[in-house]
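Shown next, in structure tokens, is the structure this report addresses.
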Amino acid sequence: MKRIAIVTSGGDAPGMNAAVRAATLKAINAGCKVFGVKRGYQGLITGEIVELNSMAVSGILHLGGTILHSARCPEFKTKEGQEKALANLEIFKIDGLVVIGGNGSFLGAKELNKMGFTTIGIPATIDNDIGCTETALGFDTAVNTALDAINKIRDTAASHDRVYVVEVMGRNAGFIALNAGLAGAAEAILIPEVEPDLDEVVKRVKANDVRGRSHSIVVVAEGVFGDPISGRALSESSAMLVATHIREKTGKDTRITILGHIQRGGSPSAVDRLLGTQFGATATELLLAGETEKMVGWNKSEITVSTMDESIASGNKVDLSLLELADLLATTY
Ligand code: ADP
Ligand code: F6P
């Protein structure tokens with residue numbers, strides 16, 4: 001293995017740069033040439049592939065986003081697109097590819113594998129919905145961003161005796177909502193994994209009033225009423241639906257805050273920098289050891305290695321006992 005390439009794909013996630021840096025430096029240290037693919041799989045198709053030396057990855061550990069840029073690339077889902085990508089990898093004489101991304105990116109990596117090309121995956125998505133790792137890159141930073149927002153919203157909610165519905169990211173997974181909601185002492189948390197009970201939310205808002213706490217915060221995952229991207233008009237956000245119901249049933253002054261892409265940006269937390277650094281170095285080690293179709297992960301405080309197949313098949317499941325705990329704490333008066 002003399003020439004390796006690195007690609008960041010799908011939604012960007014804080015900590016991707018840490019992984020790019022560590023994978024690059026580890027490979028240079030082992031005598032390899034390293035290349036960065038620009039704009040996810042799009043750059044493989046168009047041949048936008050540049051050499052990365054140590055200076056190219058210097059000063060990036062603390063930066064959010066990805067210096068390689070990322071993209072969603074529908075063309076790569078086609079056989080034609082994959083063949084163009086493989087041809088470019090051959091033109092650049094790349095021996096192995098580190099794919100930093102989410103489940104979709106790993107499905108793409110598997111297509112390259114099927115064509116005989118070596119790939120190693122690094123899990124990165126703020127959604128944290130990737131199997132075979134307790135934590136994906138970017139999740140910790142996103143939760144801290146959402147929590148910071150909830151803290152600030154609580155100040156103004158308390159001052160004005162209002163209800164705030166805070167919508168966080170998560171089309172299919174409630175990890176951000178659950179962790180930020182529990183850490184932010186939300187009165188209710190709604191996640192896609194659990195059928196929403198809006199009457200229960202109303203009950204809690206009213207009960208809060210009765211006990212003299214006249215503000216409430218409800219944290220809602222964007223996908224609690226189905227996939228917001230393909231399934232719903234932009235005006236019908238989850239926050240809007242929940243807030244409308246609360247306002248109608250309680251008469252309380254109710255506002256919404258949709259955190260949106262703020263959660264994807266920002267300097268990575270220490271956790272994401274450390275994870276990204278170890279993931280990147282391990283991915284290069286695996287490539288150099290001749291492994292393929294593997295994904296690095298973080299489980300029980302250790303770096304682990306699984307196959308991409310295992311990861312895709314298992315997915316990551318939210319711990320519903322955390323939701324039960326949040327509910328108990330929010331309804332004990
Ligand atoms: P993520 O990797 O964060 O889950 P996406 O689902 O958007 O993000 O996937 C990233 C990219 O991976 C897609 O834009 C596409 O290029 C590629 N991809 C996704 N699914 C497949 C698939 N079934 N086959 C081949 N490539 C795929
Ligand atoms: O996959 C990460 C994520 O941020 C999801 O939480 C969100 O639903 C989606 O990406 C948004 O995607 P885009 O930036 O393409 O609109």
Side-chain angles (χ1 to χ4, degrees), residues 7-16 19 37-46 48 64-66 68-86 88 97-115 117 119 121-131 133 136-139 141-143 145-146 167-180 191-192 219-232 234 237-239 258-266 293 295 308-309 311-313 315-316 318:
V7 64
T8 51
S9 165
D12 62 336
M16 279 182 162
V37 179
K38 305 297 283 288
R39 297 180 177 77
Y41 289 127
Q42 192 63 47
L44 273 189
I45 290 173
T46 56
E48 214 184 338
T66 159
L68 296 177
H69 298 233
S70 191
R72 308 214 191 255
C73 172
E75 192 184 350
F76 191 74
K77 292 186 181 175
T78 67
K79 196 78 213 144
E80 259 184 6
Q82 290 157 14
E83 275 163 6
K84 280 189 209 163
L86 187 65
N88 279 320
L97 178 69
V98 175
V99 176
I100 306 174
N103 289 314
S105 302
F106 296 158
L107 286 171
K110 278 194 55 61
E111 293 303 326
L112 290 173
N113 273 134
K114 281 187 211 156
M115 297 191 287
F117 196 81
T119 61
I122 294 182
T125 169
I126 65 163
D127 289 352
N128 205 35
D129 57 349
I130 302 177
T133 186
L137 282 184
F139 174 60
T141 306
V143 168
T145 300
E167 183 178 302
V168 299
M169 276 187 163
R171 268 174 290 174
N172 310 300
F175 288 94
I176 298 178
L178 187 50
N179 282 29
I191 59 175
V219 175
V220 178
E222 62 180 335
V224 78
F225 296 106
D227 186 334
I229 290 175
S230 52
R232 237 185 11 246
L234 282 177
S237 63
S238 289
I258 299 177
L259 297 184
H261 288 78
I262 283 175
Q263 296 158 97
R264 283 240 295 262
E293 210 267 318
M295 186 199 86
M308 286 194 211
D309 267 343
S311 166
I312 291 164
N316 199 11
V318 291

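Note that ligands are numbered from 1 as they come in the structure, with each ligand's atoms numbered from 1 the same way.
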Does the pair F175 and D127 meet the rule for a side chain to side chain contact (heavy atoms under 4.5 Å, CB included), with working shown?
CA-CA 7 Å; F175 288 94; D127 289 352; over 6 Å; no

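- Closest to atom 2 (C) of ligand 2, if we only count protein heavy atoms, is D127 OD2, 3.6 Å.
- Looking only at protein heavy atoms, the nearest one to atom 16 (O) of ligand 1 is C73 O, 2.7 Å.
- The shortest N/O to N/O separation between E111 and ligand 1 does not fall below 3.5 Å.
- Near H261, with a cut-off below 4.0 Å to any heavy atom, the atoms of ligand 2 are 13 (P), 14 (O), 16 (O).
- For ligand 2, the atoms lying closer than 4.0 Å to a non-hydrogen atom of R264 are 3 (C), 4 (O), 9 (C), 10 (O), 11 (C), 12 (O), 13 (P), 14 (O).
- Nearest to atom 1 (P) of ligand 1 by heavy-atom distance, out of G138, A136, G102, is G102.
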Between L97 and L112, does a side chain to side chain contact (heavy atoms under 4.5 Å, CB included) hold up when you go through it step by step?
CA-CA 10 Å; L97 178 69; L112 290 173; 3.8 Å; yes

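- For ligand 2 and G170, the ligand atoms under 4.0 Å from any heavy atom of the residue are 6 (O).
- K79 places a side-chain heavy atom less than 4.5 Å from the side chain of M115.
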Between N103 and I130, does the side chain to side chain contact (heavy atoms under 4.5 Å, CB included) criterion hold? Intermediate values first, please.
CA-CA 6 Å; N103 289 314; I130 302 177; 4.0 Å; yes

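- The shortest N or O to N or O distance between S105 and ligand 1 is below 3.5 Å.
- Taking 4.5 Å as the limit, every side-chain heavy atom of F106 sits out of range of all side-chain heavy atoms of T119.
- Nearest heavy-atom pair, V168 versus L259, reported as atom, atom and distance to 0.1 Å: CG1-CD1, 3.9 Å.
- The shortest N or O to N or O distance between G101 and ligand 1 is not below 3.5 Å.
- The shortest N/O to N/O separation between L107 and ligand 1 does not fall below 3.5 Å.
- Pairing each heavy atom of I258 with each of A239, the nearest pair is CG1-CB, 4.2 Å.
- Listed by atom number, the atoms of ligand 1 under 4.0 Å from G11 heavy atoms are 3 (O).
- Taking the side chain as every heavy atom from C-beta outward, I312 and K110 approach each other to under 4.5 Å.
- Looking at atom 7 (C) of ligand 2, its nearest protein heavy atom turns out to be E222 OE2, 3.3 Å.
- Interface of Y41 with ligand 1, defined as ligand atoms under 4.0 Å from a residue heavy atom, comprises 12 (O), 16 (O), 17 (C).
- When each of I100, V99, V98 is paired with T8, the side chain to side chain contact (heavy atoms under 4.5 Å, CB included) condition holds for I100 and for no other.
- The 12-atom threshold is exceeded at CG of L86, counting heavy atoms of other residues, nucleotides or ligands nearer than 6.0 Å.
- Under the 4.5 Å side-chain criterion, counting only non-hydrogen atoms from C-beta, Q82 is not in contact with K114.
- Closest heavy-atom contact between G15 and L137: O-CD1, 3.5 Å.
- Using a 4.0 angstrom heavy-atom cutoff, T125 does not count as in contact with ligand 1.
- At the top of the distance list for atom 26 (N) of ligand 1, counting protein heavy atoms only, stands G108 CA, 3.4 Å.
- Counting only heavy atoms of the protein, atom 12 (O) of ligand 2 lies nearest to R72 NH2, 2.9 Å.
- Among all protein heavy atoms, the one lying closest to atom 7 (O) of ligand 1 is R72 NH1, 2.8 Å.
- If you check which protein heavy atom lies closest to atom 9 (C) of ligand 2, you get R171 NH2, 3.5 Å.
- Among G104, P74, S9, the residue whose heavy atom sits closest to atom 27 (C) of ligand 1 is G104.
- Checking only distances, A71 never comes within under 3.5 Å of ligand 1, N or O to N or O.
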